[in-house]
2 protein chains.
Amino acid sequence: MVGHPGHTNGIELAVSTVIFALRPREGFDSSLLSLPLVRRTRGPFKGRWALPGGWASPDESLVATASRNLLETTGMKSTYLEQLYAFGDIARSPTGRVVSIVYWALVRPEQAVEAEESENVQWFPADDLPELAFDHNLIVEYALWRLRTKMEYSRIALAFLGETFTLTELRHVYEAVLQKSLDPANFRRQVESSKAIVRTDDHVTGGRHRPPRLYRYNASVELTDSGPLSHHQI
Amino acid sequence: MVGHPGHTNGIELAVSTVIFALRPREGFDSSLLSLPLVRRTRGPFKGRWALPGGWASPDESLVATASRNLLETTGMKSTYLEQLYAFGDIARSPTGRVVSIVYWALVRPEQAVEAEESENVQWFPADDLPELAFDHNLIVEYALWRLRTKMEYSRIALAFLGETFTLTELRHVYEAVLQKSLDPANFRRQVESSKAIVRTDDHVTGGRHRPPRLYRYNASVELTDSGPLSHHQI
DNA sequence: CCAAAAGTGTTCGTACTACACCCATGC
DNA sequence: GCATGGGTGTAGTACGAACACTTTTGG
């Protein structure tokens with residue numbers, strides 16, 4: 001399978017990342033599922049918005065490239081980073097053949113604030129994007145689908161939150177991503193019986209109602225089951 | 001994101017495929033989940049068994065390369081072909097940096113027969129492999145995990161079977177892949193209510209028992225939900 | 001008739017849903 | 001006290017597991 005170099009001349013290898021965060025909306029008390037995009041300063045698609053990314057590097061693993069890119073272009077560190085898909089259509093770039101390994105990431109609100117908006121970096125609502133460069137609209141659509149699908153059977157929602165949180169905050173994560181409201185009583189029972197979170201003895205005071213209990217992420221439970229690829233970071 | 005060529009010099013791009021089929025075992029009446037491997041005739045890992053694959057080509061989509069490779073090296077056409085993962089560890093090939101886009105495929109028994117065994121192509125039980133070249137043991141492990149996971153919530157089992165089949169045959173597919181026995185009565189009800197299959201008026205005669213009804217795959221139901229990537233073949 | 005596999009019925013337990021209700025706090 | 005969200009109880013329903021039972025063929 002491995003021969004002399006030069007076989008894949010003519011194929012460029014890129015790494016991009018779809019970054020999700022829940023950002024508070026002014027005037028609303030619910031958060032909005034958002035993602036940061038960068039404006040292209042060079043052709044093709046100059047001036048269009050695109051996913052943050054860059055070229056793969058020979059001496060860096062794919063996931064490391066994704067992680068580094070995320071930090072360099074947005075200043076954020078993610079709490080969850082997973083490979084999404086390798087997009088390899090022949091005509092997806094007008095300048096030649098480009099295969100993009102796309103990752104998707106979840107970041108906490110405090111990290112999302114770090115990504116200061118500039119003329120060339122801006123947050124967009126995940127469900128209402130402009131026309132992006134390349135096939136990036138399709139990529140985001142697929143990432144959104146994966147996020148919502150995975151939300152139903154895994155614990156990735158916790159990656160949106162900080163160290164401690166109330167059950168209502170956790171429920172709001174589900175509601176913001178899945179875009180439907182959940183019964184607080186049933187939600188509480190489901191998530192409490194799952195053992196993915198543990199009660200603390202702390203409560204949040206200050207609200208003009210009964211102080212809610214704080215919970216903590218149970219580190220001994222994986223956010224998601226990746227089978228044999230768990231703990232591998234390939 | 002796309003600039004002048006040469007950025008990814010030093011990274012080779014390969015496409016490999018994990019091919020699953022259920023093959024009858026001599027002396028047993030149940031089938032065995034198997035996959036074909038090719039013997040490496042060149043270094044590195046010369047003489048070791050490896051997944052069928054080849055280099056990506058600039059004028060061919062990734063899935064087309066996988067499909068063509070499958071046909072060329074084993075003579076088979078698959079009924080199901082899906083991208084598995086992009087493996088990009090730095091040290092996965094001793095000769096230099098190689099990123100492999102890996103696909104996984106399901107083939108029908110009649111196709112599996114086409115893959116005649118030779119000195120350099122041979123079928124192996126999926127759960128009992130020798131030490132393979134590169135990181136291919138990990139890749140197969142992951143493919144197996146995906147197959148078994150997906151078996152539980154999708155209809156891919158149908159990709160192992162021909163045009164028509166009995167419910168017992170379908171149940172045997174599940175039992176062979178998941179390695180556990182299922183209650184025939186409950187299995188029947190579950191699968192009949194799923195609308196993924198339709199009854200025909202034909203029955204299988206010849207057995208010395210009540211002739212089982214033949215069913216047919218309902219083409220209007222997708223084997224699996226790929227979200228926005230359905231019908232895209234990227 | 002008997003054996004064997006196809007196919008049906010019934011019961012039980014679990015898990016999710018909907019919604020009524022009580023609790024603890026600030027004002 | 002009242003309003004507000006936190007938190008508990010409970011009845012209804014849907015679905016899967018287990019298993020008894022009936023049906024249809026070949027010999």
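Sequence lines set the chain letters: A, B, ... in the order given, protein chains first and strands last, and positions in each chain run from 1.
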Peer 1: CG of A:Asp202 versus P of D:dG6: gap in Å, rounded?
Peer 2: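 After rounding, the gap between these two atoms is 17 Å.
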Peer 1: I need the CZ-P distance between B:Arg171 and D:dA17, as an integer number of Å.
Peer 2: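 These atoms are roughly 14 Å apart.
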Peer 1: Side chain of B:Arg188: nearest nucleotide among C:dG9, C:dT25, C:dA6?
Peer 2: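 Taking heavy atoms from C-beta onward, the closest nucleotide is C:dA6.
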Peer 1: Send over the distance from A:Glu192 CD to C:dA15 C1', rounded to a whole Å.
Peer 2: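 Taking CD of A:Glu192 and C1' of C:dA15, I get 16 Å after rounding.
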Peer 1: In terms of side-chain heavy atoms, does B:Arg108 have a donor or acceptor partner in B:Ser78 at a distance below 3.5 Å?
Peer 2: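 B:Ser78 and B:Arg108 do not have a side-chain donor-acceptor pair below 3.5 Å.
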Peer 1: Measure the distance from CZ on A:Arg199 to P on D:dG6 and round it to the nearest whole Å.
Peer 2: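 So the CZ-P distance, A:Arg199 to D:dG6, works out to 15 Å.
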Peer 1: Mapping A:Thr205 and A:Ala185 to their closest nucleotides on DNA chain C, which lands nearer the 5' end?
Peer 2: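 Whichever sits nearer the 5' end wins; that is A:Ala185.
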Peer 1: Measuring from the side chain of B:His209 (C-beta onward, heavy atoms only), which nucleotide among C:dT8, C:dA5, C:dG7 has the closest atom?
Peer 2: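 Nearest nucleotide to the side chain: C:dA5.
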Peer 1: Roughly, in whole Å, what's the span from CG in B:Leu167 to P in D:dT24?
Peer 2: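 So the two atoms are 17 Å apart, to the nearest Å.
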Peer 1: Without decimals, in angstroms, what is the distance between B:Arg213 CZ and D:dT23 P?
Peer 2: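 So the two atoms are 16 Å apart, to the nearest Å.
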Peer 1: Taking the minimum atom-to-atom distance to the side chain of A:Asn186, which one of D:dA18, C:dT17, C:dG26 wins?
Peer 2: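 The answer is C:dT17, which lies nearest to the side chain.
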Peer 1: A:His203 has an atom NE2; how far is it from atom P of D:dG5, in whole Å?
Peer 2: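 Checked: the NE2 to P distance equals 19 Å.
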Peer 1: Roughly how far, to the nearest 0.5 Å, is the CG atom of B:Leu223 from the CZ atom of B:Arg155?
Peer 2: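 Nearest 0.5 Å value for the CZ-CG distance: 9.0 Å.
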Peer 1: List the residues meeting side-chain hydrogen bond (donor to acceptor under 3.5 Å, both in side chains) with A:Asn218, not counting sequence neighbours, and say none if there are none.
Peer 2: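 Applying side-chain hydrogen bond (donor to acceptor under 3.5 Å, both in side chains) to A:Asn218 gives A:Ser220.
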Peer 1: Has the side chain of B:Arg210 got a donor or acceptor atom sitting under 3.5 Å from an opposite partner on the base of D:dT23?
Peer 2: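 Donor-acceptor pair under 3.5 Å: yes.
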Peer 1: Measuring from the side chain of A:Arg189 (C-beta onward, heavy atoms only), which nucleotide among D:dG6, D:dC19, C:dC19 has the closest atom?
Peer 2: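 The answer is C:dC19, which lies nearest to the side chain.
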Peer 1: Just to confirm, is there a sub-4.0 Å distance from OP1 or OP2 of C:dA5 to any side-chain nitrogen or oxygen of B:Thr168?
Peer 2: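 So the side chain of B:Thr168 is outside the cut-off, no N or O lying under 4.0 Å from OP1 or OP2 of C:dA5.
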Peer 1: Reading DNA chain D from 5' onward, which residue's closest nucleotide shows up sooner: A:Arg208 or B:Pro211?
Peer 2: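 Nearer the 5' end of the strand: A:Arg208.
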Peer 1: Return the nearest nucleotide to the side chain of A:Asp183; candidates are C:dG7, D:dA18, C:dA18.
Peer 2: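 Nearest to the side chain of A:Asp183 among the choices is C:dA18.
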Peer 1: B:Glu169 CD to C:dA5 P: how many Å, rounded?
Peer 2: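 Checked: the CD to P distance equals 14 Å.
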Peer 1: ring-ring contact (aromatic ring centres under 6.0 Å, His included) with B:Trp49: which of B:Phe124, B:Trp123, B:Phe134?
Peer 2: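 Checked B:Phe124, B:Trp123, B:Phe134 against B:Trp49; only one passes ring-ring contact (aromatic ring centres under 6.0 Å, His included): B:Phe124.
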Peer 1: When rounded to the nearest 0.5 angstrom, what is the spacing between CD in B:Glu72 and CG in B:Leu70?
Peer 2: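 These two atoms lie 10.5 Å from each other.
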